[in-house]
Amino acid sequence: MFKKAKKQTVGSMSIKDKLALDKRPLKYVTERDSETYTERRLGENGAVNIMDGDFVLVCSGKDVMRCPTEEVNVGFLMNLSGITVKGKDKNSGREMSVIAYFADKF
């Protein structure tokens with residue numbers, strides 16, 4: 001009688017919304033260290049790219065983070081100045097949580 005809606009991870013966008021971020025320019029990308037609570041800048045002057053089914057953050061021509069688009073969790077910051085991205089990076093093999101700040105106002 002009643003259908004259960006698919007559960008979506010809290011803070012995660014739909015695939016359609018993730019694809020809409022393709023080619024979005026980034027000012028810089030940071031990662032927070034959970035032990036020291038300090039932020040480390042991973043790169044600057046980049047973009048969000050959707051390539052070969054992957055959600056990729058690229059800065060200065062280098063991959064900062066690459067995750068499968070279906071598996072990565074992406075959410076907007078409250079002030080809409082950027083996004084949080086959480087997932088297992090294909091390049092390093094480790095779980096990452098980064099903040100990517102947009103180069104222009106959204």
Side-chain angles (χ1 to χ4, degrees):
M1 182 176 203
F2 294 103
K3 291 184 181 179
K4 287 188 178 183
K6 283 187 179 180
K7 277 192 175 182
Q8 190 175 23
T9 307
V10 175
S12 185
M13 310 181 163
S14 68
I15 298 289
K16 180 182 173 185
D17 292 337
K18 291 175 192 176
L19 294 176
L21 292 172
D22 191 29
K23 306 288 187 277
R24 185 68 192 255
L26 299 174
K27 189 184 297 185
Y28 57 93
V29 178
T30 63
E31 181 178 28
R32 178 166 284 199
D33 184 350
S34 60
E35 293 178 11
T36 62
Y37 298 106
T38 57
E39 283 193 13
R40 180 172 60 106
R41 191 174 283 208
L42 300 177
E44 50 191 37
N45 300 325
V48 176
N49 288 326
I50 309 295
M51 302 185 300
D52 302 323
D54 289 340
F55 188 91
V56 187
L57 300 178
V58 178
C59 290
S60 301
K62 295 182 181 178
D63 287 2
V64 174
M65 183 176 184
R66 178 184 287 265
C67 302
T69 305
E70 302 83 28
E71 297 173 18
V72 69
N73 291 322
V74 181
F76 284 108
L77 297 177
M78 287 178 66
N79 64 3
L80 302 177
S81 66
I83 53 175
T84 60
V85 183
K86 295 178 183 178
K88 187 169 184 176
D89 181 39
K90 283 185 165 183
N91 296 329
S92 68
R94 67 183 181 94
E95 195 70 28
M96 291 181 72
S97 178
V98 302
I99 300 173
Y101 295 92
F102 298 137
D104 57 351
K105 199 158 189 163
F106 189 64

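Just so it is clear, the model here is predicted, and its values are computed rather than measured.
- Taking 4.5 Å as the limit, some side-chain heavy atom of Asp22 sits within range of a side-chain heavy atom of Asn49.
- Between Lys90 and Pro68, the closest side-chain pair of non-hydrogen atoms falls below 4.5 Å.
- Considering only heavy atoms from C-beta on, Ile50 comes within 4.5 Å of Phe55 through its side chain.
- Tracing side-chain contacts under 4.5 Å through hydrophobic residues (I, L, V, M, F, W, Y), one reaches Leu19 starting from Phe76; they form part of the same cluster.
- Nearest heavy-atom pair, Ile99 versus Leu77, reported as atom, atom and distance to 0.1 Å: CG2-CD1, 3.9 Å.
- Using a 4.5 Å cut-off on side-chain heavy atoms (C-beta onward), Leu57 and Met96 make no contact.
- Checking side-chain atoms of Lys18 against main-chain N and O of Val72 turns up a donor-acceptor pair under 3.5 Å.
- With Asp89 contributing its side chain and Arg66 its backbone, the two residues share a donor-acceptor pair below 3.5 Å.
- Minimum heavy-atom separation, Gly87 to Cys67: C-SG, 3.9 Å.
- You'll find the side chain of Ile83 reaches within 4.5 Å of the side chain of Met13, heavy atoms only.
- In the hydrophobic cluster analysis, where Ile, Leu, Val, Met, Phe, Trp and Tyr join through side-chain heavy atoms closer than 4.5 angstrom, Val98 is grouped apart from Met51.
- Sparse packing is recorded around CG of Asp52, with 12 or fewer heavy atoms of other residues, nucleotides or ligands lying under 6.0 Å away.
- With rounding to the nearest 0.5 angstrom, the CG atom of Asn45 is 12.0 Å from the OH atom of Tyr28.
- Salt-bridge check for Glu39 with Arg32: passed, with a basic side-chain N closer than 4.0 Å to an acidic carboxylate O.
- Note that the CG atom of Asp54 and the CD atom of Glu71 stand 9.5 Å from one another [nearest 0.5 Å].
- Here the CD-OG1 distance, from Glu31 to Thr38, works out to 10.0 Å after rounding to the nearest 0.5 Å.
- Between the OG atom of Ser60 and the CG atom of Leu42 there is a distance of 11.5 Å, given to the nearest 0.5 Å.
- In the hydrophobic cluster analysis, where Ile, Leu, Val, Met, Phe, Trp and Tyr join through side-chain heavy atoms closer than 4.5 angstrom, Val85 is grouped together with Ile15.
- Counting only heavy atoms from C-beta outward, the side chains of Val56 and Met65 never approach each other to under 4.5 Å.
- Looking only at side-chain heavy atoms (C-beta outward), Lys86 and Ser97 come within less than 4.5 Å of each other.
- Side-chain contact between Leu80 and Phe102 is absent, with no heavy-atom pair separated by less than 4.5 Å.
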